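Single-structure report; data block below.
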Amino acid sequence: MDKQDSQADHKMNDSQKTPEKKQPLTTCLFSAAFFGALGSSFLYGYNLSVVNAPASYIKDFYNKTWMERYGEPILPETSTLLWSVTVSIFAIGGLLGTLSVSLIIKVAGRKGTLLLNNCFAVTAALLLSLGEMSRSFEMLIIGRIVMGVNSGISLSVLPMYLGEISPKHIRGSIGQFNSILICLGVFTGQVLGLPELLGQESRWNYLFSFLAFPAVLQLCVLPFLPESPRYLLMEKKDEAGAERAFQKFLGKTDVSQELEEVHAEARAQDNLNTVSVLQLLRSPAVRWQLITIIITMACYQLCGLNAIWYYTNGILREAGFAEHLLPYVTLSTGATETLAAIFSGLVIEQIGRRPLLIFGFSSMAVFFSLLTIFLNFQDSVSWMPYLSYICILAVIAGFCSGPGGIPFILTGELFEQSYRPAAFMIAGTVNWLSNFAVGLLFPFIQEKLQSFAFLVFVVVCILGSIYLCVVLPETKNKTFKDISQSFAKINKVPEFSPGQEMELVLSMKPESEKAPDVKKTESSF
């Protein structure tokens, strides 16, 4: 067995030394990335912005419903509580969705989970759009939590699927479809919420009906596209299916090199089931990968972009924009997000993940600092609010150029197949808990610190940049196995041969779970 592994590894090394002909982006791969993201991350982005335009109409609906039920006006504090629950419960649903991913994905696979997830989107669309007709604000609240479950599943499964179907030379660009469609979803929510379209009292429920449209489109297209070939080969042991999937995604008949790359990773995990969250937390071989993902995902939420949305309309008012013009001017934020995400997707394979992340967090720290200065002089200088608004656009552009999408790509890249579902569960949990913490704590921080509140985010961005600069290796154009081995030194574990790596992970399992026939092997190098 050692001899065969050694020969296979040498064969793999020889193939890596020869120049690799880079395959162009195929229609199949583009379709999987676009329609996968359309029914997943697009809906997440859309839900971030869709409640802003009809907020006053929804509150009026709550008041009328309360009056009809109880014969008295709703108390202001009760109205505020209902609205806060409606907005914030989306994050609770996201956390529930994240925690359910490993169970669903084990049964349905990557593509199957994305397809099943559309049931939550359609259900949420029905609840949210029919709530007014049914005179039930509870339907809106339940619809928001169901939509959160959909988003929690999407933000874990989609990056996993995109990372596993992409050749390594465009894995980053394909992964950025997640970020681009999130930003496009935010922008679409802003556009459809304009008064001329659906942002009217008689039409606001149609804003939520739109949720079903991308989900149905995905249901029509994704069944005809292949499952993840890595999932088919490593978890389902379906080599013929994996070969066909690679052929369709890559647009070529000879996929022996890609299959051998997956086999090389599989040999290190032979006879192993998918690692649990507890096993991942205990594994020394992936300790710094896990720390890196936790810190990066926490910074993704705690860097302050969510807080920017709270300030945008106020700064625009201070700048002298009329109230009826605010929705149109706010479109510039969604457009900036989308353009920055597209730019990042175009350059990520040339510049790399690490420089874009460090640049993004560093630029956000700079412009948050400038925004703090401008806010303090906003009342004394007439043109200062315009500089504040430019800083807001710059912060958004800095975020979407790197931190807005790359943390999800890294979660898929830093872990090999058996660790990946547990890694996404941990990353998603950190993501949603941090999101909830910002929404809960920022109003209190802002009340205490006033215009200096953004300095908290400056500290987060600077610390995040320093950590990534010191710890994170570049992952572009590397196999998953190469990326894992690049952490071997910092994890203080040797670079294992396949047999030794399997033995290390097995040694962390309870005795009853160890394979009885596994023998110790020597290094095959």
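If you're wondering where the values come from, they're calculated on a predicted model, not measured in any experiment. FYI, the numbering just counts along the sequence from 1. Below, each value reflects all heavy atoms present in this structure, side chains not excepted, and no hydrogens, waters or symmetry copies.
- Between Leu158 and Ser41, the closest heavy-atom pair is CD2-OG, 3.6 Å.
- Contacts classified as side chain to side chain donor-acceptor pair (under 3.5 Å) and involving residues 179-190 (residues at least two apart or in different chains) are given here: Gln190-Thr333.
- Asn47 places a side-chain N or O within donor-acceptor distance of the main-chain N or O of Leu43, the cut-off being under 3.5 Å.
- The OG atom of Ser154 sits 10.0 Å away from atom CZ of Phe120, with the distance rounded to the nearest 0.5 Å.
- The aromatic rings of Tyr44 and Phe90 lie parallel to each other, their planes meeting at an angle below 30°, with 60° marking the opposite boundary.
- In this structure, Leu140 and Leu128 approach most closely via the heavy-atom pair O-CD2, 3.3 Å.
- In this structure, the separation between OG on Ser418 and CE on Met234 is 7.0 Å, given to the nearest 0.5 Å.
- Judged by distance alone, with hydrogens and angles left aside, the side-chain atoms of Ser362 form no donor-acceptor pair with the main-chain N or O of Phe359 at under 3.5 Å.
- Nearest heavy-atom pair, Gly352 versus Lys476, reported as atom, atom and distance to 0.1 Å: CA-CD, 3.9 Å.
- Annotation: Phe177 is in aromatic contact with Phe30 [ring centroid separation under 6.0 Å].
- Looking at Ser228, its side chain never comes within 3.5 Å of a backbone N or O of Ile165 through a donor-acceptor pair.
- Using a cutoff of 4.0 Å between basic side-chain nitrogens and carboxylate oxygens, Glu164 and Arg420 are scored as salt-bridged.
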Practice problem: Assess whether side-chain contact (heavy atoms from CB on, under 4.5 Å) is satisfied between Leu155 and Thr98, documenting all intermediate values. | Solution: CA-CA 8 Å; Leu155 293 185; Thr98 297; over 6 Å; no

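- Scanning both residues, Leu114 and Gln218, for their nearest heavy atoms gives O-OE1, 3.2 Å.
- Inspection of the Ser40 and Asn117 side chains reveals no N or O donor paired with an N or O acceptor under 3.5 Å.
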Exercise. Could you walk me through whether Phe246 and Val262 pass side-chain contact (heavy atoms from CB on, under 4.5 Å), step by step?
Key: CA-CA 11 Å; Phe246 267 131; Val262 181; 3.9 Å; yes

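- Between Phe424 and Phe415, the ring centre distance reaches or exceeds 6.0 Å.
- Applying the 6.0 Å contact sphere to CZ of Phe210 captures more than 12 heavy atoms from other residues, nucleotides or ligands.
- Side chain of Lys111 to main chain of Leu225: a donor-acceptor pair is present (N/O by atom type, distance under 3.5 Å, no hydrogens or angles).
- Sparse packing is recorded around NZ of Lys248, with 12 or fewer heavy atoms of other residues, nucleotides or ligands lying under 6.0 Å away.
- Between the side chains of Asp482 and Thr479, at least one donor N or O lies within less than 3.5 Å of an accepting N or O.
- The backbone N or O of Gly398 sits less than 3.5 Å from a side-chain atom of Ser401, completing a donor-acceptor pair.
- Checking side-chain atoms of Ser166 against main-chain N and O of Gly163 turns up no donor-acceptor pair under 3.5 Å.
- Applying the side chain to side chain donor-acceptor pair (under 3.5 Å) test to residues at least two apart or on different chains, none of the pairs has a partner in residues 207-216.
- With a 6.0 Å cutoff to the six-membered ring centre and a 45° limit on the axis angle, Arg230 does not count as a cation-pi contact of Phe480.
- Here the straight-line distance linking atom CG of Leu305 with atom CZ of Phe399 works out to 5.0 Å at 0.5 Å rounding.
- Here CD of Gln350 is found 10.0 Å from CG of Leu356. Values are rounded to the nearest 0.5 Å.
- Side chains of Ile426 and Leu281 form a contact here, defined as non-hydrogen atoms less than 4.5 Å apart.
- With Arg171 contributing its side chain and Lys478 its backbone, the two residues share a donor-acceptor pair below 3.5 Å.
- Under the 3.5 Å distance criterion, the side-chain polar atoms of Asn150 are left unmatched by any main-chain donor or acceptor of Val146.
- For the residue pair Thr475 and Glu413, a side-chain donor N or O sits within less than 3.5 Å of a side-chain acceptor on the partner.
- Nearest heavy-atom pair across Ile141 and Ile89 is O-CG2, 3.8 Å.
- The two residues Cys303 and Phe368 come nearest to each other via the heavy atoms O-CE1, 3.0 Å.
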Exercise. Give the intermediate values and the outcome of side-chain contact (heavy atoms from CB on, under 4.5 Å) for residues Glu235 and Arg110.
Key: CA-CA 11 Å; Glu235 297 186 35; Arg110 277 61 164 158; 3.4 Å; yes

Exercise. Evaluate side-chain contact (heavy atoms from CB on, under 4.5 Å) for Ser434 paired with Tyr300, printing each intermediate quantity in order.
Key: CA-CA 9 Å; Ser434 300; Tyr300 167 77; over 6 Å; no

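- With Thr429 contributing its side chain and Met425 its backbone, the two residues share a donor-acceptor pair below 3.5 Å.
- In this structure, Glu227 and Asp238 have side chains that are not in contact, with every pair of non-hydrogen atoms separated by 4.5 Å or more.
- Residues Tyr467 and Thr296 have side chains that never bring a donor and an acceptor to within less than 3.5 angstrom of each other.
- Side chains of Asn477 and Glu349: a donor-acceptor N/O pair is absent below 3.5 angstrom, by distance only.
- Side-chain atoms of Ser363 come within 3.5 Å of backbone N or O of Gly360 as a donor-acceptor pair.
- Interatomic distance, CG of Leu219 versus CG of Leu222, reported as 8.5 Å (0.5 Å rounding).
- If you take CD1 on Ile490 and CG on Leu472, they are separated by 10.0 Å, rounding to the nearest 0.5 Å.
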